[in-house]
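Beneath this line is the structure, given in structure tokens, with notes to follow.
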Amino acid sequence: TNLKDFLENLRDTLYILVPKNIELKLSIPDKPYIVPLSEEGVKEILVNLVKNAVDAIEEKQNKLGDFKGRIEISIREEGDKVCLEISDNGIGMTEDTLKRLFEPFFTTKGVGKGTGLGLYVIYNLIKNVDGEIKVESAYLEGTKFRILLPISQYIEESKSTPKEEGEGEILFKRILVVDDEEDIRETLSLFLSDLGLEVETAENGERAWEKLQENNFDLLFLDLFMPEKGGDWVLEKIESLNKPHPKIVLMTGFAGEMEEKIKEKLTEGSLFALMRKPFSLKDIVKILTGRGGTGILKGCQREV
């Protein structure tokens, strides 16, 4: 992505996201820095951090009364990398929050206002291209995110095999992601698309079954428990066909009464893998390169 051109095109979107009572200062560089991330990846980072900044300012306004909120976005060169900086003068964070900031499903927002996946997605997008993300924050003073990305010579470099594990080729091309949680669907879709894969999504088992009949997929990421026709229903439908089907990766935090049945399916090979929620994007890479199949893959807990 050419950051200069992309930021100019995204300018109006960012100004729409920020309420008029909050000042948004956008510094677009003269130099066309190219980074090894897709435009969707860069957009995910910017939009998520700007939304968080708005929430932080509004929380501080509710706590302390009206004050002039400010969000600043700038890009500059630092050594052999480009630094994308997003800062605000909002509520800030405590030390405890900072320590857990990039954990999956961790959120300080109220019920229904956040799933705790936004920063987790950002962290993995950045790490996947050998970038860094640094955070400075103090409670009631504000927050500054500094994202350091390598400067790429060729945009096509972003379509390489995954760098997260450093080895192995992707074995699949067309992928279907099935989960009733929109954030999880979008997270996986964005990550897989950024690796150059063809991705479709479905929000329940019934819609997944329709797509499986309409198209051919190499790999199926399937949530076990969903309100409308869960993963167990999809598995039964697939098995009833008695014909070739995509490799199946079952996703769940707790299998309950199906635990033994799932283990049997893993042993016999009708399931490619089981991923325990919360899982990391490193686990996804293991699946894509065939190193996480034919066994139970437990979600990795990364230290922050």
Side-chain angles (χ1 to χ4, degrees), residues 1-33 35 37 39 41-103 106-109 113-114 116-127 129 131-151 304:
T1 298
N2 182 322
L3 287 181
K4 178 179 182 294
D5 293 346
F6 183 70
L7 211 54
E8 287 176 344
N9 293 332
L10 194 65
R11 184 198 300 265
D12 291 342
T13 300
L14 294 174
Y15 277 103
I16 291 172
L17 285 174
V18 179
K20 292 182 179 179
N21 66 334
I22 298 176
E23 177 188 358
L24 174 60
K25 184 178 179 181
L26 186 59
S27 299
I28 299 176
D30 295 326
K31 192 172 179 180
Y33 297 109
V35 296
L37 263 180
E39 291 189 352
V42 177
K43 183 178 180 181
E44 178 79 12
I45 291 169
L46 280 170
V47 170
N48 200 298
L49 291 180
V50 168
K51 283 182 176 180
N52 283 355
V54 170
D55 290 344
I57 289 171
E58 290 180 343
E59 185 178 346
K60 186 174 177 180
Q61 288 172 338
N62 292 335
K63 187 177 185 69
L64 302 181
D66 193 31
F67 79 100
K68 185 62 177 177
R70 184 183 69 258
I71 299 172
E72 296 184 15
I73 301 173
S74 64
I75 296 174
R76 62 180 179 276
E77 195 170 339
E78 288 192 10
D80 61 348
K81 294 188 177 181
V82 59
C83 177
L84 174 59
E85 186 173 288
I86 300 98
S87 62
D88 67 74
N89 63 343
I91 194 70
M93 289 177 274
T94 64
E95 286 294 327
D96 289 340
T97 298
L98 275 173
K99 289 177 182 177
R100 302 187 61 192
L101 196 58
F102 300 112
E103 288 183 14
F106 172 73
T107 180
T108 58
K109 297 179 182 180
K113 293 185 178 180
L117 282 172
L119 290 174
Y120 176 65
V121 172
I122 287 174
Y123 178 90
N124 282 283
L125 281 172
I126 294 165
K127 287 296 182 180
V129 295
E132 299 176 71
I133 181 167
K134 301 179 180 180
V135 190
E136 300 172 17
S137 187
Y139 187 60
L140 295 180
E141 293 183 17
T143 300
K144 178 189 293 183
F145 283 90
R146 295 178 67 250
I147 297 159
L148 296 167
L149 297 170
I151 299 173
V304 178

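No hydrogens, no waters, no symmetry mates; every other heavy atom, side chains included, goes into these values. Just so you know, residue 1 is the first one in the sequence shown, and it goes up from there.
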>> To check you understand the geometry: which heavy-atom pair defines the closest contact between L125 and L37, and what is its length?
In response: O-CD2, 3.9 Å
> How long is the span from the NZ atom in K43 to the CG atom in N48, to the nearest 0.5 Å?
Replying inline: 12.5 Å
> Nearest 0.5 Å, what's the OH-CD1 distance between Y123 and I45?
Replying inline: 13.0 Å
>> If you count heavy atoms of other groups shown closer than 6.0 angstrom to NZ of K68, is the number above 12?
In response: yes
> Are L17 and V54 side-chain neighbours, meaning at least one heavy-atom pair lies under 4.5 Å?
Replying inline: no
> Rounded to the nearest 0.5 Å, what separation is found between the CG atom of L49 and the CD atom of E44?
Replying inline: 9.5 Å
>> Would you compute the distance between atom CD1 of I28 and atom CZ of F6 and round it to the nearest 0.5 angstrom?
In response: 11.5 Å
> Do you know which two heavy atoms are closest between S137 and T143, and how far apart they sit?
Replying inline: OG-OG1, 2.8 Å
> What is the minimum heavy-atom distance between L148 and C83, and which atoms define it?
Replying inline: CD2-CB, 3.5 Å
> Just wondering, do F102 and I122 contact through their side chains at under 4.5 Å, heavy atoms?
Replying inline: no
> For P32 and N2, which heavy atoms make the closest approach, and how far apart are they?
Replying inline: CB-ND2, 3.4 Å
> Do you see a donor-acceptor pair shorter than 3.5 Å between the side chains of E103 and Y120?
Replying inline: no
>> I'd like to know whether N21 forms a side chain to side chain contact (heavy atoms under 4.5 Å, CB included) with F67, so could you lay out the CA-CA distance, the side-chain angles of the two residues, the decisive distance to 0.1 Å, and finally the verdict.
In response: CA-CA 9 Å; N21 66 334; F67 79 100; over 6 Å; no
> Side chains of S27 and S74: is there a donor and an acceptor less than 3.5 Å apart?
Replying inline: no
>> I'd like to check L10 versus E39 (side-chain heavy atoms, cut-off strictly below 4.5 Å). Are they in contact?
In response: no
> Under the salt bridge (Lys or Arg N to Asp or Glu O under 4.0 Å) criterion, do E77 and K31 qualify, and how do the steps go?
Replying inline: CA-CA 9 Å; E77 195 170 339; K31 192 172 179 180; 3.3 Å; yes
>> Could you walk me through whether E136 and K134 satisfy the salt bridge (Lys or Arg N to Asp or Glu O under 4.0 Å) test, starting with their C-alpha distance in whole Å, then the side-chain angles of each, then the deciding distance to 0.1 Å, before giving a yes or no?
In response: CA-CA 7 Å; E136 300 172 17; K134 301 179 180 180; over 6 Å; no
>> Less than 4.5 Å apart, side chain to side chain, heavy atoms only: is that true for K25 and I73?
In response: no
> Are the charged groups of E85 and R76 less than 4.0 angstrom apart, N to O?
Replying inline: yes
>> Between E141 and N89, is there a side-chain heavy-atom distance shorter than 4.5 Å?
In response: no
>> Apply side chain to side chain contact (heavy atoms under 4.5 Å, CB included) to residues L64 and L140 and explain how you reach the verdict.
In response: CA-CA 9 Å; L64 302 181; L140 295 180; 4.2 Å; yes
> Considering all heavy atoms of both residues, which atom of A53 and which atom of I71 are nearest to each other, and what is their separation?
Replying inline: CB-CD1, 3.7 Å
> Below 4.5 Å, heavy atoms only, C-beta onward: do L46 and L84 meet side chain to side chain?
Replying inline: yes
> Looking only at heavy atoms, which two atoms of Y15 and L24 are closest? And how far apart?
Replying inline: OH-O, 3.4 Å
> So how far is it from D88 CG to I57 CD1, rounded to the nearest 0.5 Å?
Replying inline: 5.0 Å
> Regarding K4 and the six-membered ring of Y33, is the cationic atom NZ or CZ under 6.0 Å from the ring centre and inside 45° of its axis?
Replying inline: no
> Is there a side-chain contact between V18 and L14 (heavy atoms, below 4.5 Å)?
Replying inline: no
>> Do the side chains of E78 and R146 get close enough for a salt bridge, i.e. N-O under 4.0 angstrom?
In response: yes
> Salt bridge or not for K60 and E58, using N-O below 4.0 Å?
Replying inline: no
> With side chains defined as the heavy atoms from C-beta onward, is the minimum distance between I86 and K144 less than 4.5 Å?
Replying inline: no
> Once you round to the nearest 0.5 Å, how far does CG of D80 lie from CG of L149?
Replying inline: 11.5 Å
